[in-house]
Amino acid sequence: MLHKRLLGGATLLSALGTANAQNDSAVGSGPNAAGPTWNHEDFTTSPPVYPSPNATGIGWEEAFQQASDFVNQLTLEEKAYLVTGTPGPCVGNIAPIPRLGFQGLCLQDGPLAIRQANYASVFPAGVTVAASWDRKLAKQRGIEMGSEFRGKGAEIALGPVAGPLGRSAYGGRNWEGFSPDPYLTGILFADTIEGMQSAGVQACAKHYIGNEQETQRNPSVNDQGTTIEALSSNIDDRTMHELYLWPFQDGVKAGVASFMCSYQRINGSYGCQNSKTLNGILKDELGFQGYVMSDWMATHSGAPAIEAGLDMDMPGGLQFTEASSEHSFFGGNITAAVNNGSLSIDRVDDMCRRVMTPYFYLGQSNYPPIDGSEYAENFWSENDAVYDFELGPSNVDVRDDHAKLIRELGAAGTVLLKNTNKALPLQTPKNIGVFGNDAGDLLNGLYFSALSTGGQGFEYGVLTSGGGSGTGRLSYVVPPLDAIKTRAAQQGNDALVQYVLNNSAITESGGYSAIFPAPPDVCLVFLKTWAAEGADRESLLVDWNGTAVVETIAASCPNTVVVTNSGGINVLPFADHPNVTAILAAHYPGQEAGNSIVDILWGDVNPSGKLPYTITYEESDYAFADITNSTELQNTNDPNAWQSDFEERLLIDYRHFDYFNESVRYEFGFGLSYTGFSMGDVSVQRVGGGALTASPPSNSIVPGGNPALWDVLYSVSVTISNTGDVEGAAVPQLYLGLPQPSAEDVSPVKALRGFEKIMLAPGESQTVSFELNRRDISYWDIYTQEWMIGSGDINVFAGFSSRDIIATSSFCPLSGDSGSDSSNSTRTYGGWDSGKDHGDHNGSWQWGSKEGKHPHAPPSKTV
Ligand SMILES: *[C@@H]1O[C@H](CO)[C@@H](O)[C@H](O)[C@H]1NC(C)=O
Ligand SMILES: *[C@@H]1O[C@H](CO)[C@@H](O)[C@H](O)[C@H]1NC(C)=O
Ligand SMILES: *[C@@H]1O[C@H](CO)[C@@H](O)[C@H](O)[C@H]1NC(C)=O
Ligand SMILES: *[C@@H]1O[C@H](CO)[C@@H](O)[C@H](O)[C@H]1NC(C)=O
Ligand SMILES: *[C@@H]1O[C@H](CO)[C@@H](O)[C@H](O)[C@H]1NC(C)=O
Ligand SMILES: *[C@@H]1O[C@H](CO)[C@@H](O)[C@H](O)[C@H]1NC(C)=O
Ligand SMILES: *[C@@H]1O[C@H](CO)[C@@H](O)[C@H](O)[C@H]1NC(C)=O
Ligand SMILES: *[C@@H]1O[C@H](CO)[C@@H](O)[C@H](O)[C@H]1NC(C)=O
Ligand SMILES: *[C@@H]1O[C@H](CO)[C@@H](O)[C@H](O)[C@H]1NC(C)=O
Ligand SMILES: *[C@@H]1O[C@H](CO)[C@@H](O)[C@H](O)[C@H]1NC(C)=O
Ligand SMILES: *[C@@H]1O[C@H](CO)[C@@H](O)[C@H](O)[C@H]1NC(C)=O
């Protein structure tokens, strides 16, 4: 009932061949399933991987030594509280140890701003950065955000986000991260981390891993008093590596200080005590040297979580705001467990060294004090604090000149989807109409921190970001209407700016009763779509009856320009309307929203944003990876009922639509410009020499994994020219079609493996080279547990979007190399030898439980 019935292998393969756009919307199975037959039973446990690897400080040697010296001076109780949150001024706090001159640690949300702060900036959201495809701006945003956290005395910034990746179009937090494409996300995630940490703040890669929906992300208690466990994201090993882990691997390679494990379960085991994902993948395989903190209240046990790889419990107490000195899975329980021999002091020391190494590495022993206004903004008051945190001056203004970048990035992340009749850029319209409830000022305050219970958010005012812990407190906002009035005044033609901002007034009265003369020369319609932590989206249409607003305006305005502020995918039923002359997806642009969009509308900035996801025709086109949810599940008595089988495997977003040959409205990578670009032939060069082996040369692991994965093996070049009349930025994109590892192991038709944003004057040309490293041209082999280069040709597609492919080529890395381990179609998916051990199964483990602690079981090699 929960996981869908499965087709047998033969049926599946024939179903793949006959799938069509109308017929493959059955969720998660049948024609959508991509790969070998899915057996849900293989996903009910997570393989145990013990013991937890010690950090060795590789890459951070000097800081690791400082951390070791520091930890050697700690009492057991001090060690316990170095890894346990405590009430304090920040969203998360680690106690100070004054006798060692340690001021404690202040952890603050979130991925687009220091949320709990005044006089701070609200930057564009992750999805907006992804839509900019601009590494320089991504890094600069990281630097500027980092400097704001630092200025407020927060050692740790809880971001950026690579999970959710965006498996489901409906994911309530997709906008906090970047894109459902792991390559695009990985690059921008790493650039953001590097930027933030270069400002001296510790970044936190979150939420690790498989946190692809909000619905039932946490356990709940039903009417009968039964605890219903959180959703289990059931993910096969190859998909884990090639899709969901990929950007996190980039984050580790970039030197990220900390990770946050996620609320939900993976293969039945909670994210913060899953030894396979924490000990096995993150610390062993990727060589992560920092620490793993729990998401807030995601810890469900003490020693079992610690032995599975969790290093820090947040916010610390058993209840959300409870002091950990009262009741905690960590805290006093760590002291007791070490004293009675059920927890090794070596593991506790490792946790402490992991926490302190990035602190020393980033020079945080000399850090600005915590802003004195923090307690007043937090859920704890100063009276709740068990330890004295040193506070500095209040209301420190950390905004600097960051508005400049925010304005630029807001425009850079705006995607021009349609532009007919030379609607844009605007020339000097004399009569400007502004419509829609997203155009004006905020009527309900400048802060959207409440967790969502679904719905459309607030009705009136521009939507600069989504809601929940990933939002920011605006210190001001530039609504589109204000910026339009300002810009229209600069035209010097005494233009009229008339507006109706009430969507109901528009749909009920036709929209023009207050406008004269009507229709205006241009009708600018501003719409929005709310998304927030705590709930998934229920619709992909624009909110607040926005579709009807557009249809009403366009029925009599032949020059209707639609702008959406949205956290991600919107289907746009009005896109073919002849009177809708332009559409702009402006995403969540941050505090300068109005200025960013006006720069695009009037052509002061040439649009260069590209979709970081695919827009299809119908909402049902996304059903291949739906949110797991139903009335039956909401009312279940079965603790283990919430199961999400990721049966589509690698085929999310454009990989799905490409594989099933579905036509889409606006594809991944698409976006128009006010100029035109051309692309010449593609050339592929081998970098370095010698025959390549399928598997990487073995090396000791460094942060990021086997360093050979990053060896550049090929370089692909294309030449781009600006063929139009104005300067503009192009985003040439490189996609690869890798060979299928075996007949039943489906690989995407094409997957992004290179992009660059280049500014070109009219007539100017530039050659762009995309460097391909070993991982870029490999698949994850579940048998050898290695990234392997497949035998066969790799197809090369260069173009301006995933479907605007201009130049193609191919190369064969292993040519001349016969056989090799990689071409063995007789192997089957085996799961794990140890098969059904339930040791790592759920959150019910108690302190000291040793059950299920088996050595790392090797993957099956059965034929
Ligand atoms: C789906 O496929 C079945 C079997 O091939 C066919 O009978 C049915 O008409 C198809 N439905 C649609 C909507 O195309
Ligand atoms: C989940 O189960 C699948 C199938 O057994 C396995 O390939 C994968 O490695 C498991 N992942 C985790 C994190 O348990
Ligand atoms: C971690 O280091 C301690 C000694 O400090 C050692 O006893 C333990 O075996 C090490 N653990 C692992 C997994 O290597
Ligand atoms: C230890 O953990 C248990 C839950 O497993 C909790 O009930 C108890 O209060 C904790 N003790 C301390 C000292 O925090
Ligand atoms: C050791 O201490 C832990 C934490 O308080 C407790 O859960 C466990 O039962 C104790 N074990 C023994 C053998 O006393
Ligand atoms: C918006 O318009 C509707 C329909 O005309 C009206 O009922 C409602 O009161 C208006 N809202 C505001 C805030 O004026
Ligand atoms: C949306 O607009 C349509 C068309 O004008 C109208 O019939 C409908 O009542 C509106 N719905 C809401 C919820 O306002
Ligand atoms: C487009 O606008 C004109 C008014 O200029 C109107 O007559 C026409 O019906 C509109 N077209 C559509 C499809 O609504
Ligand atoms: C989940 O299902 C419940 C019950 O059917 C429904 O009320 C809720 O809106 C659904 N949530 C989402 C995000 O679709
Ligand atoms: C998609 O089209 C290609 C090329 O025409 C074809 O080989 C492939 O079988 C099609 N895939 C599906 C799932 O229909
Ligand atoms: C395929 O794998 C099996 C088991 O590892 C091995 O016995 C066989 O020789 C391999 N075949 C090829 C063609 O590599």
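Since the model is a prediction, treat every value here as computed from it, not as a measurement. When a ligand or atom number is given, it counts from 1 through the structure's own listing order.
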What atoms in ligand 4 come closer than 4.0 Å to a heavy atom of F329?
4 (C), 5 (O)

For L318, take its heavy atoms, then give the atoms of ligand 4 lying under 4.0 Å from any of them.
6 (C), 7 (O)

Please evaluate residues H587 and Y613 with respect to the criterion ring pair (Phe, Tyr, Trp, His ring centres under 6.0 Å), reporting the C-alpha separation (whole Å), side-chain torsions for both, the decisive distance (0.1 Å), and the verdict.
CA-CA 12 Å; H587 296 110; Y613 50 73; 5.7 Å; yes

Tell me the contacting part of T631 for ligand 9: side chain, backbone, both, or neither, using a 4.0 Å heavy-atom threshold, strictly below.
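Within the 4.0 Å criterion, T631 contacts ligand 9 through backbone and side-chain atoms alike.
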
Test item: side-chain donor near acceptor, N640 and R265, under 3.5 Å
yes

Is the side chain of D645 donor-acceptor paired with the backbone N or O of N234 at a distance under 3.5 Å, no angle test?
no

Between the main-chain N or O of A623 and the side-chain N or O of D626, is there a donor-acceptor pair closer than 3.5 Å?
no

Run the numbers for me: atoms of ligand 10, each under 4.0 Å from some heavy atom of Y659, listed by number.
11 (N), 12 (C), 13 (C)

Any nitrogen or oxygen of N629, side chain or backbone, less than 3.5 Å from one on ligand 9?
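The answer is yes, given that N629 and ligand 9 share an N or O pair closer than 3.5 Å.
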
Would you say E538 and ligand 9 have an N/O pair spaced under 3.5 Å apart?
yes

Would you say the side chain of S46 lies within less than 4.5 Å of the side chain of N274, judging by non-hydrogen atoms?
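In contact.
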
Heavy-atom side-chain proximity of T628 to Q213 below 4.5 angstrom
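Yes. Closest side-chain heavy atoms under 4.5 Å.
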
Determine if the distance from atom 7 (O) of ligand 9 to the closest protein heavy atom is below 4.0 Å.
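Protein heavy atom within 4.0 Å of atom 7 (O) of ligand 9: absent.
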
When the side chains of residues 792-807 are checked against the rest of the protein, which donor-acceptor pairs come out under 3.5 Å, sequence neighbours left out?
from: S801; atom 1: OG; to: E667; atom 2: OE2; distance (Å): 2.5
from: S801; atom 1: OG; to: R803; atom 2: N; distance (Å): 3.0
from: S801; atom 1: OG; to: D804; atom 2: N; distance (Å): 2.9
from: S802; atom 1: OG; to: F668; atom 2: O; distance (Å): 2.8
from: R803; atom 1: NE; to: D658; atom 2: OD1; distance (Å): 3.1
from: R803; atom 1: NH1; to: E662; atom 2: O; distance (Å): 2.7
from: R803; atom 1: NH2; to: F657; atom 2: O; distance (Å): 3.1
from: R803; atom 1: NH2; to: D658; atom 2: OD1; distance (Å): 2.9
from: R803; atom 1: NH2; to: E662; atom 2: O; distance (Å): 3.0

In terms of residue, atom name and distance, what is the protein heavy atom nearest to atom 13 (C) of ligand 9?
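Among all protein heavy atoms, the one nearest atom 13 (C) of ligand 9 is D536 O, 3.5 Å.
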
Under 4.0 angstrom from ligand 4, any heavy atom of S328?
yes

Evaluate S324 for polar contact with ligand 4, using N/O atom pairs at a separation under 3.5 Å.
no

Closest by any non-hydrogen atom to atom 1 (C) of ligand 4: pick that one out of I334, T335, N333.
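It is N333 whose heavy atom sits nearest to atom 1 (C) of ligand 4.
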
What are the two closest non-hydrogen atoms of K528 and F458, and how far apart are they?
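Closest approach of K528 to F458: NZ-O, 3.1 Å.
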
